[in-house]
Amino acid sequence: QVQLVESGGGLVQAGGSLRLSCAASGSIFDIKDMGWYRQGPGKQRELVAVITSGGTTNYADSVKGRFTISRANAKSTVYLQMNSLKAEDTAVYYCNANLRANPLLPFITYWGQGTQVTVSS
């Protein structure tokens with residue numbers, strides 16, 4: 001059974017920083033991409049950042065220049081470094097991964113349980 005587990009959320013003042021981690025575990029053959037989504041109060045879930053197996057990154061315009069997504073060498077762990085945090089960044093952040101346990105199977109999307117990030121103004 002594949003699991004994604006996030007950590008690193010918490011309460012921080014505006015202008016501060018946090019680093020989120022997401023570890024994928026279980027039977028994994030390869031990972032196509034991993035990313036972070038977030039859902040603020042009363043808002044829809046939105047893409048924050050994504051990184052592909054080849055290292056290509058993509059960011060939402062609202063976080064460009066402030067957030068950085070990266071991956072561990074093993075490629076089963078992804079990080080989101082968040083700097084210059086704003087109150088608008090307050091949300092539950094979810095890790096996402098598209099992976100497969102066998103090369104004969106299609107890629108499947110997995111989600112973490114979410115970690116709360118609260119930025120006080």
Side-chain angles (χ1 to χ4, degrees):
Q1 182 68 47
V2 174
Q3 285 189 303
L4 302 180
V5 180
E6 303 105 329
S7 62
L11 175 65
V12 65
Q13 290 187 335
S17 299
L18 283 174
R19 190 178 79 153
L20 306 183
S21 299
C22 174
S25 63
S27 182
I28 302 171
F29 178 76
D30 62 354
I31 301 174
K32 184 178 182 179
D33 56 64
M34 297 184 72
W36 290 93
Y37 288 70
R38 69 184 181 186
Q39 187 166 19
K43 299 181 179 180
Q44 294 183 320
R45 187 174 299 186
E46 64 177 351
L47 175 69
V48 177
V50 63
I51 185 167
T52 71
S53 61
T56 301
T57 58
N58 186 250
Y59 298 91
D61 288 340
S62 60
V63 306
K64 286 182 179 177
R66 299 188 298 120
F67 291 10
T68 302
I69 188 169
S70 62
R71 65 184 182 186
N73 185 256
K75 299 183 179 181
S76 61
T77 301
V78 66
Y79 306 97
L80 185 68
Q81 178 66 47
M82 305 184 293
N83 298 325
S84 301
L85 283 162
K86 306 174 181 179
E88 307 92 88
D89 296 317
T90 295
V92 177
Y93 285 71
Y94 297 91
C95 181
N96 167 276
N98 293 300
L99 56 84
R100 58 185 179 180
N102 187 298
L104 298 178
L105 299 174
F107 286 93
I108 298 174
T109 301
Y110 292 87
W111 292 91
Q113 81 287 350
T115 184
Q116 177 70 47
V117 172
T118 302
V119 184
S120 63
S121 59

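These values consider heavy atoms only, across backbone and side chains, with no hydrogens, waters or symmetry-generated copies.
- In this structure, the separation between CG on Leu20 and SG on Cys95 is 9.5 Å, given to the nearest 0.5 Å.
- The minimum heavy-atom distance linking Pro106 with Arg100 is given by the pair O-CB, 3.7 Å.
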I'd like a table of donor-acceptor pairs (distance under 3.5 Å, sequence neighbours excluded) in which one partner is a side-chain atom from residues 40-56, with atom names and distances.
from, atom 1, to, atom 2, distance (Å)
Glu46, OE2, Arg38, NE, 2.9
Glu46, OE2, Arg38, NH2, 3.4
Thr52, OG1, Gly54, N, 3.3
Thr52, OG1, Gly55, N, 3.4
Thr52, OG1, Thr56, N, 3.2

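- Val92 and Val63 fall into different hydrophobic clusters, where Ile, Leu, Val, Met, Phe, Trp and Tyr side chains are chained together by heavy-atom contacts under 4.5 Å.
- Partners of Glu88 according to the side chain to side chain donor-acceptor pair (under 3.5 Å) rule, which considers only residues two or more places apart in sequence or in another chain, do not exist here.
- At least one side-chain heavy atom of Gln81 sits under 4.5 Å from a side-chain heavy atom of Ser17.
- We find the CG-CE distance between Leu80 and Met82 to be 5.5 Å, quoted to the nearest 0.5 Å.
- Considering every non-hydrogen atom in both Arg66 and Ser84, the closest pair reads NH1-O, 3.0 Å.
- Between Ile69 and Trp36, some side-chain heavy-atom pair lies under the 4.5 Å cut-off.
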Distance-only check: which donor-acceptor pairs under 3.5 Å involve side-chain atoms of residues 114-121, not counting sequence neighbours?
from, atom 1, to, atom 2, distance (Å)
Thr115, OG1, Gly9, N, 3.3
Gln116, NE2, Ala91, O, 3.4
Gln116, NE2, Thr118, OG1, 3.3

Step-by-step side chain to side chain contact (heavy atoms under 4.5 Å, CB included) determination, Tyr37 to Asn96: CA-CA 7 Å; Tyr37 288 70; Asn96 167 276; 3.9 Å; yes

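- Salt bridge annotation for Lys86-Asp89: absent, with no cationic side-chain nitrogen under 4.0 angstrom from a carboxylate oxygen.
- Separating the CD atom in Gln3 from the CD1 atom in Ile28 is a distance of 10.5 Å, to the nearest 0.5 Å.
- The ring-ring contact (aromatic ring centres under 6.0 Å, His included) test applied to Phe67 returns no partner, not counting sequence neighbours.
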Trace of the side chain to side chain contact (heavy atoms under 4.5 Å, CB included) decision for Asp30 with Leu99: CA-CA 6 Å; Asp30 62 354; Leu99 56 84; 6.0 Å; no

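- With sequence neighbours left out, Thr109 forms a side chain to side chain donor-acceptor pair (under 3.5 Å) with Asn98.
- Formation of a donor-acceptor pair under 3.5 Å by the Arg71 side chain with backbone atoms of Val78 is not found in this model.
- Within the structure, ring pair (Phe, Tyr, Trp, His ring centres under 6.0 Å) contacts touching residues 78-108 (residues at least two apart or in different chains) do not occur.
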